[in-house]
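Working notes for the structure below.
A note on names: the letters A, B, ... follow the listed sequences, proteins ahead of strands, and every chain is numbered from 1.
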Protein chains: 2
Amino acid sequence: MKISARVDYGLQAILEIAAAERDMQRVKADEISEKHGIPMKFLESILSDLKRAGLIEGHRGNAGGYNLRKPSEEIVIADVVRAIDGPLASVRGLAPEKATYKGQIAGLTKVWIATRVALREVLEEMSLADILNDEIPTSIAKKLSNKEAWRRRA
Amino acid sequence: MKISARVDYGLQAILEIAAAERDMQRVKADEISEKHGIPMKFLESILSDLKRAGLIEGHRGNAGGYNLRKPSEEIVIADVVRAIDGPLASVRGLAPEKATYKGQIAGLTKVWIATRVALREVLEEMSLADILNDEIPTSIAKKLSNKEAWRRRA
DNA sequence: CCTATTCCTACTAATTTAGTAGGAAATGAG
DNA sequence: CTCATTTCCTACTAAATTAGTAGGAATAGG
């Protein structure tokens, strides 16, 4: 699974917006761009994805900037990923349940379904607020507690 | 997460090889290509990835074809994915633990680590034999048992 | 020696990803 | 009411990746 630059940047951006939200502040694209080294114009196009998905709203002018459209508790990582990259899991462009196979290997479909469930179990369970507060749901904290989790594999 | 055609085809191929293995049979690339509608030359290049990774071996000539180099119980889905597509999870080309962030959003790294763990929990636990026998590990069967698992989400 | 099959090298076309460029529209401050 | 600021919109481009093609050399068995 390759997390694209767009998704990575988009999450950085919306988390920054969520963080500012707490002080009733708006954030300018320019500030995010500077702080995290994201090319300005590229960032703008990502923010427009988030806007179209109804996750944030923008305000122009002198005191302009972006803010969330829902509380940060109600926006999960999966929302952001889908807004930018589309479905969490796809197989040759098909939804996992549409990837079917002939004969003895028919069971392969289950692998893709299980993969999608696994992704949902992480990405649907973590909200922006969870990340800012470092309050990781226990099911996920369990995954992180194993030292192997932080190591690369062959 | 987009599963590429290469990975999907590669798994179909190696499962077909594993299935034939049970009757001490070799499989020809041509047979796989026909049966699953995979372009022949494209399939060949995928099989060469699997060979390079030491998962299968090829034999030329009249009674040629491919067979596994290890028992099908010892080859997991993750092996095949890595052989063809590289690391299970990466963020802008970096390993998840290398994706770090400034300030309040530093916790984002944990999302990527948890995502990688989640993928491993599925892809490292299922062997080729498991799929052919429809013997799904209980931790994974649990994921599949929920009806929601088979449904698309917004 | 002939046929079947893998193996190897090189090429190509389409799509996606990552980014740039330029300016129009709105907003608030002075 | 004008001006600086900021989002918003449309279009373009360059690089990388993905999906596939083409042609033939190497090898093994009958």
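- When side chains are defined from C-beta on, B:Glu74 does not count as touching B:Asp79, because their heavy atoms never get closer than 4.5 Å.
- Of the listed nucleotides (D:dT7, C:dG19, D:dT21), C:dG19 has the atom at the smallest distance from the side chain of A:Phe42.
- Ranking C:dT6, C:dG28, C:dA18 by closeness to the A:Ala5 side chain, first place goes to C:dA18.
- Mapping B:Asn62 and A:Glu44 onto DNA chain C via the closest heavy atom, the residue that lands nearer the 5' end is B:Asn62.
- At least one side-chain nitrogen or oxygen of A:Lys28 sits closer than 4.0 Å to the OP1 or OP2 atom of D:dT6.
- For A:Tyr9 and C:dA18, the shortest distance from a side-chain N or O to OP1 or OP2 is not below 4.0 Å.
- The phosphate of C:dT17 (OP1 or OP2) has a side-chain N or O of B:Lys2 nearer than 4.0 angstrom.
- In terms of position along DNA chain C, the nucleotide closest to B:Val27 lies nearer the 5' end than the nucleotide closest to the other residue of the pair B:Arg92 and B:Val27.
- Atom-to-atom distance recorded for B:Lys143:NZ and B:Asn146:CG is 11.5 Å, nearest 0.5 angstrom.
- For A:Arg60, the side-chain atoms get nearest to C:dA25 when compared with the rest of C:dA18, C:dA25, D:dA25.
- Within the 4.5 Å cutoff, side-chain heavy atoms of B:Trp112 are placed close to those of A:Asp8.
- Checking the phosphate oxygens (OP1, OP2) of D:dC8, a side-chain nitrogen or oxygen of A:Lys51 falls inside 4.0 Å.
- The NZ atom of B:Lys41 sits 13 Å away from the P atom of C:dC8 (whole-angstrom rounding).
- In this structure, A:Lys2 does not pair ionically with B:Asp85, as no charged nitrogen and carboxylate oxygen lie closer than 4.0 Å.
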